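Inspection log for the structure reproduced underneath, given as structure tokens.
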Number of protein chains: 2
Amino acid sequence: MSDISETNSEENIADIPSKPAKSSRPKRISDSTIHRLSRYLRLLGRLEADGVKTISSKELASIKRLTPAQVRKDLSFFGSFGTRGLGYPVSELKVKISGILGLDHRWRLAIVGVGNIGSALVGHKEFPERGFDIRLVFDNDQRKIGSKHKGLIVSDIKNLKEGLIAEKIDIVALAVPASVAQEITDVIVEAGVRGILTFAPIHLDTPERVFVRREDMTMELEYLTYALSSEDIKSINDIDLS
Amino acid sequence: MSDISETNSEENIADIPSKPAKSSRPKRISDSTIHRLSRYLRLLGRLEADGVKTISSKELASIKRLTPAQVRKDLSFFGSFGTRGLGYPVSELKVKISGILGLDHRWRLAIVGVGNIGSALVGHKEFPERGFDIRLVFDNDQRKIGSKHKGLIVSDIKNLKEGLIAEKIDIVALAVPASVAQEITDVIVEAGVRGILTFAPIHLDTPERVFVRREDMTMELEYLTYALSSEDIKSINDIDLS
DNA sequence: CGTTCTATGTGAAAGAGTTCACATAGCACT
DNA sequence: AGTGCTATGTGAACTCTTTCACATAGAACG
């Protein structure tokens, strides 16, 4: 049973907290720490390009609106990468974080569903730049199958399982309608893929060994509408009626 | 902590109970609670369509892999919507949550940037279905400006500020290169828009009254690569430690 | 109308994540 | 080599979130 899979705020991964703490486990790194590492990494890339050699936790934090302690704590979970009195060596830290995040080699992706979102993913330039190679693209629409889409030929979803296995796909980006997301997920899982990035706004049932992350724009929009609405309510309530 | 601007200006206001103790929104509600409300809402929509009249916290939780207590707690922050011994009335709860999230009226969106992601947003069918109307689309590419994009004419980004004001835009979805994201954000803020959903992987500097949410696919992919990599490492490490 | 049974609503406990605060490592400069 | 200075690394304190556990509201049925 993986402790990483037990994300707290999102239900992504199937998990029933049945087992008591297994012996002495490394230590569970929080969701948010990993996300922050991603963000440090990107910043470090820019700093390196700018020729910055060293950066302190304070500077790192101020750019991202975090506390220096947060930065140091995040990094300290994985080792001591800084020099006391000096700060962190930019290039070296970048390499270290890349390693932690598993970005020391390239990853093989497949996109399933070439609708609005799927197309955007296929053309997304950031992916190859950051180590993700899109190897396969699938759809069930006969008009799309066989056609070239930004340099990649769209495969028939009927061949999904075989394709994923043959191309040794690590991660699938799932951009299909919610109504078929679960059945396609089952095929992906059968093919042995253990990472899924889904855009379907439903819960996907997967075995424990499979990691699922959801990207949900509507949910984020709804967070905004909540925030905007309750602000308004607040200002109304702030007016003293007496 | 997420990027949502801090919303606690309540320290200023002394706790004078001049009004009926019908406190509107006393505590700060967590990020995760709001996200879960979004997800309950979607599930309730499906249940309602299926003719389900009543649902218990246990059922609600099992579908989403949460605990019943979590569901009840989330809802209890906003009131008592259920009936003891019975559960929650589906339609009624749906209306209540919609209200909490500010979804009792439609919201006016603008998309800035019609690249891969921007195009996907413009064509995204879920938005209108969920109360979000895309009113304006902007780009800086002369070849795109003036052309119709899924029924909407692309405006010149030079007219961003005026357009946002004229169309009373509530929320902007920002899908532009990171290099120009901050300057465009400044214009959006000047136009008085207080909600931004950004796809640029950088920190946006905004005044406190503006709410920013980030959608970051690469970050989620990196979470997956982290999880997949450390799984492998873990099986090696599982042997010793402390 | 009373009894039984079920699932809510909620304080309190437990568990996570963040911030504090400070001892200390290492650089710089004499 | 010694002194001063700065920023790391990290237990401990604190704060926020989740889970527990149970009293109790209301439905159902005789």
Side-chain angles (χ1 to χ4, degrees), chain A residues 3-12 15-22 25-37 39-40 52-62 64-90 92-93 96-97, chain B residues 1-4 6-8 11 23 26-37 39-40 52-62 64-90 92-93 96 242:
Chain A
D3 27 336
I4 296 146
S5 74
E6 299 174 26
T7 56
N8 53 343
S9 52
E10 305 301 330
E11 113 305 298
N12 293 331
D15 164 70
I16 293 152
S18 47
K19 54 95 193 16
K22 187 164 86 177
R25 29 168 88 193
K27 63 197 131 181
R28 186 174 180 296
I29 306 299
S30 84
D31 217 81
S32 348
T33 291
I34 301 305
H35 275 155
R36 282 192 298 269
L37 289 184
R39 313 202 25 237
Y40 301 150
V52 179
K53 294 281 176 258
T54 294
I55 190 161
S56 67
S57 61
K58 199 171 146 206
E59 294 170 286
L60 211 46
S62 73
K64 298 248 160 264
R65 293 289 136 90
L66 300 168
T67 68
Q70 177 88 84
V71 173
R72 295 201 300 277
K73 187 62 112 180
D74 283 339
L75 297 174
S76 78
F77 289 133
F78 300 95
S80 305
F81 308 125
T83 305
R84 291 177 187 220
L86 196 64
Y88 300 91
V90 170
E92 211 179 302
L93 184 58
K96 293 287 189 186
I97 295 180
Chain B
M1 190 51 114
S2 75
D3 285 319
I4 276 292
E6 272 305 317
T7 55
N8 41 357
E11 288 96 327
S23 58
K27 303 183 207 87
R28 187 177 142 59
I29 306 298
S30 84
D31 219 81
S32 346
T33 290
I34 301 305
H35 275 158
R36 283 191 298 268
L37 289 184
R39 310 225 280 126
Y40 301 151
V52 179
K53 294 280 176 258
T54 296
I55 189 161
S56 67
S57 62
K58 200 172 146 205
E59 294 170 286
L60 212 44
S62 73
K64 298 241 159 271
R65 291 289 148 88
L66 301 168
T67 68
Q70 177 91 82
V71 173
R72 294 202 301 278
K73 190 60 117 182
D74 284 340
L75 297 174
S76 78
F77 290 132
F78 300 94
S80 303
F81 308 125
T83 306
R84 289 177 187 220
L86 197 63
Y88 299 90
V90 170
E92 210 180 302
L93 184 58
K96 293 288 189 185
S242 77

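Keep in mind that this is a model prediction, so the values were computed, not measured. The basis for the numbers below is simple: all heavy atoms, side chains too, and nothing from hydrogens, waters or symmetry mates. Proteins come first, then strands; the chains are lettered A, B, ... in the order of their sequence lines, and each starts at number 1.
Nucleotide dG26(C) holds its C1' atom 18 Å from the CZ atom of Phe81(A), rounded to whole Å. If you take CD of Glu92(B) and C1' of dT8(C), they are 14 Å apart, rounded to a whole angstrom. In this structure, the CG atom of Leu66(B) is 16 Å from the P atom of dT17(D), given to the nearest Å. For the pair Arg72(B) CZ and dA12(C) C1', the computed distance is 15 Å after rounding to whole Å. Rounded to whole angstrom, the span from the CG atom of Asp74(B) across to the P atom of dT18(D) amounts to 7 Å. To the nearest angstrom, P of dG9(C) lies 12 Å from NZ of Lys96(B). In this entry the distance linking CD of Gln70(B) with P of dT8(C) reads 14 Å, nearest Å. Separating the CZ atom of Arg28(B) from the C1' atom of dT15(D) is a distance of 13 Å, rounded to the nearest angstrom.
Here Leu75(B) contributes atom CG and Lys96(B) contributes atom NZ; the two are 11.5 Å apart, rounded to the nearest 0.5 Å. The structure places NE2 of His35(A) at 10.0 Å from OG of Ser30(A), a figure rounded to the nearest 0.5 Å. Distance check: Arg39(B) CZ to Ser32(B) OG gives 11.0 Å after rounding to the nearest 0.5 Å. Expressed to the nearest 0.5 Å, how far CD of Glu92(B) lies from NZ of Lys53(B) amounts to 12.5 Å.
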Strictly under 3.5 Å: I want the nitrogen or oxygen pairs between protein and nucleotides 28-30 of chain D, one per line.
none

Could you go through nucleotides 13-15 of chain C and list every protein N or O atom that sits under 3.5 Å from one of its N or O atoms, giving the distance for each pair?
none

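Looking at which nucleotide of DNA chain C each of Thr83(A) and Lys73(A) is closest to, the 5′-most match is held by Lys73(A).
Side-chain atoms of Arg84(B) and base atoms of dT24(D) include a donor and an acceptor less than 3.5 Å apart.
Contact between Thr54(A) and Leu86(A) at its shortest, heavy atoms only, is CG2-O, 3.6 Å. A pairwise comparison of heavy atoms in Arg72(B) and Ser57(B) identifies NH1-OG, 3.2 Å as the closest pair. Pairing each heavy atom of Phe81(A) with each of Tyr88(A), the nearest pair is C-CD2, 3.7 Å.
Arg36(A) pairs with exactly one of Leu60(A), Leu66(A), Asp31(A) by the side chain to side chain contact (heavy atoms under 4.5 Å, CB included) rule, that one being Leu66(A).
At dG9(C), one or more side-chain N or O atoms of Tyr88(B) fall inside 4.0 Å of OP1 or OP2 (strictly under the cut-off). Side-chain nitrogen and oxygen atoms of Arg36(B) include at least one within less than 4.0 Å of the OP1 or OP2 phosphate oxygen of dT18(D).
Contacts between residues 54-62 of chain A and DNA chain D, defined by a heavy-atom separation below 4.0 Å, involve Ser56(A), Ser57(A), listed by number.
With no hydrogens or angles considered, a side-chain donor-acceptor pair links Glu59(B) and Ser56(B) at under 3.5 Å.
Side-chain contact between Phe77(A) and Ile34(A): absent, with no pair of heavy atoms (C-beta onward) separated by less than 4.5 Å. Between Ile55(A) and Tyr40(A), the closest side-chain pair of non-hydrogen atoms is not below 4.5 Å.
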